[in-house]
Amino acid sequence: MLELGSIASRVGNFNHLRQLHAQIIHNSLHHHNYWVALLINHCTRLRAPPHYTHLLFNSTLNPNVFVFTSMLRFYSHLQDHAKVVLMYEQMQGCGVRPDAFVYPILIKSAGTGGIGFHAHVLKLGHGSDAFVRNAVIDMYARLGPIGHARKVFDEIPDYERKVADWNAMVSGYWKWESEGQAQWLFDVMPERNVITWTAMVTGYAKVKDLEAARRYFDCMPERSVVSWNAMLSGYAQNGLAEEALRLFDEMVNAGIEPDETTWVTVISACSSRGDPCLAASLVRTLHQKRIQLNCFVRTALLDMYAKCGSIGAARRIFDELGAYRNSVTWNAMISAYMRVGDLDSARKLFNTMPGRNVVTWNSMIAGYAQNGQSAMAIELFKEMITAKKLTPDEVTMVSVISACGHLGALELGNWVVRFLTENQIKLSISGHNAMIFMYSRCGSMEDAKRVFQEMATRDVVSYNTLISGFAAHGHGVEAINLMSTMKEGGIEPDRVTFIGVLTACSHAGLLEEGRKVFESIKDPAIDHYACMVDLLGRVGELEDAKRTMERMPMEPHAGVYGSLLNASRIHKQVELGELAANKLFELEPDNSGNFILLSNIYASAGRWKDVERIREAMKKGGVKKTTGWSWVEYGGKLHKFIVADRSHERSDDIYQLLIELRKKMREAGYIADKSCVLRDVEEEEKEEIVGTHSEKLAICYALLVSEAGAVIRVVKNLRVCWDCHTAIKMISKLEGRVIIVRDNNRFHCFNDGLCSCKDYW
DNA sequence: ATAGGGTTAG
């Protein structure tokens with residue numbers, strides 16, 4: 001027995017535990033409740049697998065209150081609340097009466113059900129037991145109402161009130177966002193311990209006041225690993241990865257042994273940096289230290305590998321985890337695939353995943369949206385809400401709203417906005433930003449401005465989004481003014497702001513204003529140069545544009561040459577166009593747009609042999625024309641068209657209308673331009689009609705179905721071509737309709753034979 | 001303790 005006692009006192013790992021277990025069986029003591037309870041308590045401490053622990057439990061025939069208590073503690077520790085409840089029921093079934101040691105565990109585990117226990121323990125006379133009382137305070141502090149916690153707390157006689165009671169109140173006030181109360185209690189407490197101090201660090205980190213958190217951290221009389229972890233995760237969760245990593249170094253230098261939580265936090269800080277070298281060095285450290293990798297650490301590692309570009313390594317961890325995967329593991333892997341654009345693999349995981357949660361759906365919806373599959377994103381959203389099991393949250397809605405914007409689907413967008421109010425989903429700044437984006441991409445600048453104005457607080461993205469909206473609509477002055485407003489409001493313009501304002505100047509032809517803006521940029525990035533070259537090029541300052549490009553401190557990228565090529569096309573500059581195009585053919589050999597632009601330049605100069613040469617070059621290089629889709633929203637659906645499309649159910653009517661329009665347009669003197677040679681001249685020659693470009697098909701469909709006089713909104717996923725531009729002007733005049741076509745990146749508002757963008761050709 | 005969101009463009 002003595003030997004057993006000395007083994008029992010030195011159980012440091014799972015192997016020791018098994019030895020002790022074997023020894024107990026050897027001595028035929030395994031039916032004795034004392035030894036069983038002792039073993040189970042070791043299981044809790046060492047986080048033994050549940051099946052092993054349950055085996056121990058089953059070895060006793062008449063479990064007493066000590067055995068049940070240790071089992072309850074074990075499951076409570078694992079946060080397996082369902083098992084706690086089961087165990088409690090079994091305990092009652094065996095006629096074992098819970099004592100004051102049991103109730104704190106039950107209350108802790110019961111969630112809102114703990115409120116029922118409160119009355120129960122009072123009736124049983126456990127109300128003045130210090131542990132029970134503390135559990136009750138803690139329960140109300142966590143679940144609310146915090147006032148109930150306070151009431152129990154206040155009823156304790158001063159001399160009986162323990163630090164743990166104060167601590168539960170302090171954490172509770174932080175939880176319920178009463179910083180002042182938490183602070184006040186901290187100040188008046190008769191004594192504080194490391195838990196109190198750590199609660200303050202966690203609390204300030206939660207309200208993003210990291211300076212205060214650090215102040216408390218620095219003042220702590222003693223620190224536990226948990227305190228370090230609190231400070232670390234404060235930095236990590238507020239995007240201060242650098243600070244977190246620096247603090248981790250400090251921690252290591254101070255000789256503090258990191259625990260699993262520490263590693264998880266540090267790994268996640270590392271993930272957000274996306275630096276493969278840092279990741280590798282962290283993995284080396286883990287390896288050297290022979291750290292036990294639990295499911296949390298492995299999932300964090302999976303995410304880190306994925307974010308540092310090693311999708312294969314991430315997948316290996318995923319596979320190795322096997323049955324130990326939890327929903328976070330699955331979600332991390334799904335987003336990993338989405339991040340690299342592997343939609344199929346993500347979908348496969350999604351389809352096989354057990355227990356999908358909101359984050360799972362959000363990852364899928366956002367993934368589709370980010371990979372240009374807005375329609376699929378919305379389809380998935382509809383599936384999510386029809387399944388009814390899950391309520392979308394703000395994150396879901398932000399992706400969905402943004403997807404509506406990308407589609408230019410205003411009816412759908414309005415439906416989503418109604419869905420928000422009906423389901424009482426509150427939007428924060430980013431939600432409103434998504435709405436601004438949606439409305440402005442749907443051509444509804446009035447709504448975009450309204451949302452912007454109604455926001456209580458705006459961030460730099462709010463401004464940038466509206467400015468970009470103005471830019472796409474050619475509202476140059478408004479864009480410039482909004483940038484001034486944001487500066488007055490104390491928000492500094494960033495890279496994106498300047499891109500927006502410069503684009504706006506470019507679309508509005510505001511040369512001098514744009515120059516001023518450009519000169520005000522402290523350290524212009526490559527995209528700013530591209531915008532400036534675009535602005536100069538559009539207004540016809542081609543020499544200046546070329547000079548600007550040549551004086552760039554960095555190597556020009558495709559965007560810069562693209563601007564130059566576009567400018568050459570507008571101003572019919574063959575030589576400059578050739579220069580830009582030849583560069584682009586090297587930089588983007590697969591981009592058909594560049595070939596088409598150059599060929600259009602040749603066509604406008606009547607150089608048909610060169611046009612033919614470009615066509616041959618495309619064929620030889622295997623450059624495929626990008627498919628240009630156009631769509632129009634009608635009756636809650638998107639009607640999608642492609643050149644010479646015959647698949648639409650109203651196709652016959654659409655083509656009939658095209659023929660009629662062509663007749664009318666001929667009479668009005670319209671001549672389809674030959675410059676579209678590389679697009680679909682062959683199709684046009686075959687068809688006895690005005691041309692079957694996707695935008696024209698979409699417009700004809702809209703003319704057929706919409707009410708007379710209503711504005712027609714069409715989206716084209718590529719640039720609206722020259723021929724179409726001319727034709728749509730004519731259609732707007734002949735039919736007396738306002739037609740808004742959204743390009744890739746700008747709006748063309750056609751009205752009475754004119755277009756809002758005057759610089760197009 | 002680990003997973004999910006918005007703005008850029010010829």
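Letters A, B, ... are given to chains in the order of the sequence lines, protein chains preceding strands, and every chain is numbered from 1.
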Scan [X] against the nucleic acid and name what it touches under 4.0 Å (heavy atoms): base, sugar-phosphate only, or nothing.
| X | result |
| --- | --- |
| Leu293(A) | nothing |
| Thr503(A) | sugar-phosphate |
| Asn744(A) | nothing |
| Thr261(A) | base |
| Ala434(A) | nothing |
| Thr265(A) | nothing |
| Val460(A) | nothing |
| Arg325(A) | nothing |
| Leu301(A) | nothing |
| Asn566(A) | sugar-phosphate |
| Asn229(A) | nothing |
| Asp494(A) | nothing |
| Asn594(A) | base |
| Phe296(A) | base |

Using whole Å, report how far [atom1] of [X] lies from [atom2] of [N].
| X | N | atom1 | atom2 | result |
| --- | --- | --- | --- | --- |
| Ile267(A) | dT2(B) | CD1 | P | 11 Å |
| Ile425(A) | dG5(B) | CD1 | C1' | 13 Å |
| Tyr305(A) | dT2(B) | OH | P | 19 Å |
| Leu502(A) | dT7(B) | CG | P | 20 Å |
| Asp459(A) | dG5(B) | CG | P | 16 Å |
| Ile317(A) | dA3(B) | CD1 | P | 13 Å |
| Phe437(A) | dG5(B) | CZ | P | 15 Å |
| Asp527(A) | dT8(B) | CG | P | 12 Å |

Counting only N and O atoms by type, is there a donor-acceptor contact under 3.5 Å from the side chain of [X] to the main-chain atoms of [Y]?
| X | Y | result |
| --- | --- | --- |
| His473(A) | Phe747(A) | no |
| Gln370(A) | Met338(A) | no |
| Lys583(A) | Tyr561(A) | no |

Open item on the list: Pairing donors with acceptors under 3.5 angstrom, does anything connect the side chains of Ser227(A) and Ser224(A)?
Closed with: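 The answer is yes; a qualifying pair exists.
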Task: Test item: side-chain donor near acceptor, Asp393(A) and Thr396(A), under 3.5 Å - done: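 The answer is yes; a qualifying pair exists.
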Going by atom type alone, with no hydrogens or angles, which donor-acceptor pairs under 3.5 Å involve a side-chain atom of residues 375-385 of chain A and a protein atom two or more places apart or on another chain?
none

Picking from [options], which would you name as closest to the side chain of [X]?
| X | options | answer |
| --- | --- | --- |
| Gln370(A) | dA3(B), dG5(B), dT8(B) | dG5(B) |
| Asn357(A) | dA3(B), dG5(B), dT8(B) | dA3(B) |
| Glu394(A) | dG5(B), dA3(B), dT7(B) | dG5(B) |
| Val359(A) | dA3(B), dG5(B), dT8(B) | dA3(B) |
| Thr299(A) | dT2(B), dG5(B), dA3(B) | dT2(B) |
| Ser430(A) | dA3(B), dT8(B), dG5(B) | dG5(B) |

Task: Contacting residues from residues 554-562 of chain A, given that a heavy atom lies under 4.0 angstrom of DNA chain B - done: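 Result for residues 554-562 of chain A: Ala558(A), Gly562(A), sorted by number.
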Does OP1 or OP2 of [N] have a side-chain N or O of [X] closer than 4.0 Å?
| X | N | value |
| --- | --- | --- |
| His406(A) | dT7(B) | yes |
| Ser402(A) | dT7(B) | yes |
| Gln237(A) | dA1(B) | no |

- [ ] For the pair Arg450(A) and Asp447(A), find out whether any cationic side-chain nitrogen is under 4.0 Å from an anionic carboxylate oxygen.
- [x]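 Yes, this pair counts.
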TODO: Decide yes or no on side chain to side chain donor-acceptor pair (under 3.5 Å) for Arg315(A) and Tyr337(A), but give the supporting numbers first.
DONE: CA-CA 9 Å; Arg315(A) 179 65 199 227; Tyr337(A) 279 129; 3.2 Å; yes
- [ ] State which residues pass salt bridge (charged side-chain N to carboxylate O under 4.0 Å, His left out) with Arg142(A); sequence neighbours excluded, sorted by chain then number.
- [x]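 With sequence neighbours excluded, Arg142(A) shows a salt bridge (charged side-chain N to carboxylate O under 4.0 Å, His left out) to Asp138(A), given in chain and number order.
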Task: Pair Trp330(A)-Phe318(A), ring pair (Phe, Tyr, Trp, His ring centres under 6.0 Å): steps then yes or no - done: CA-CA 8 Å; Trp330(A) 283 87; Phe318(A) 181 82; 5.1 Å; yes
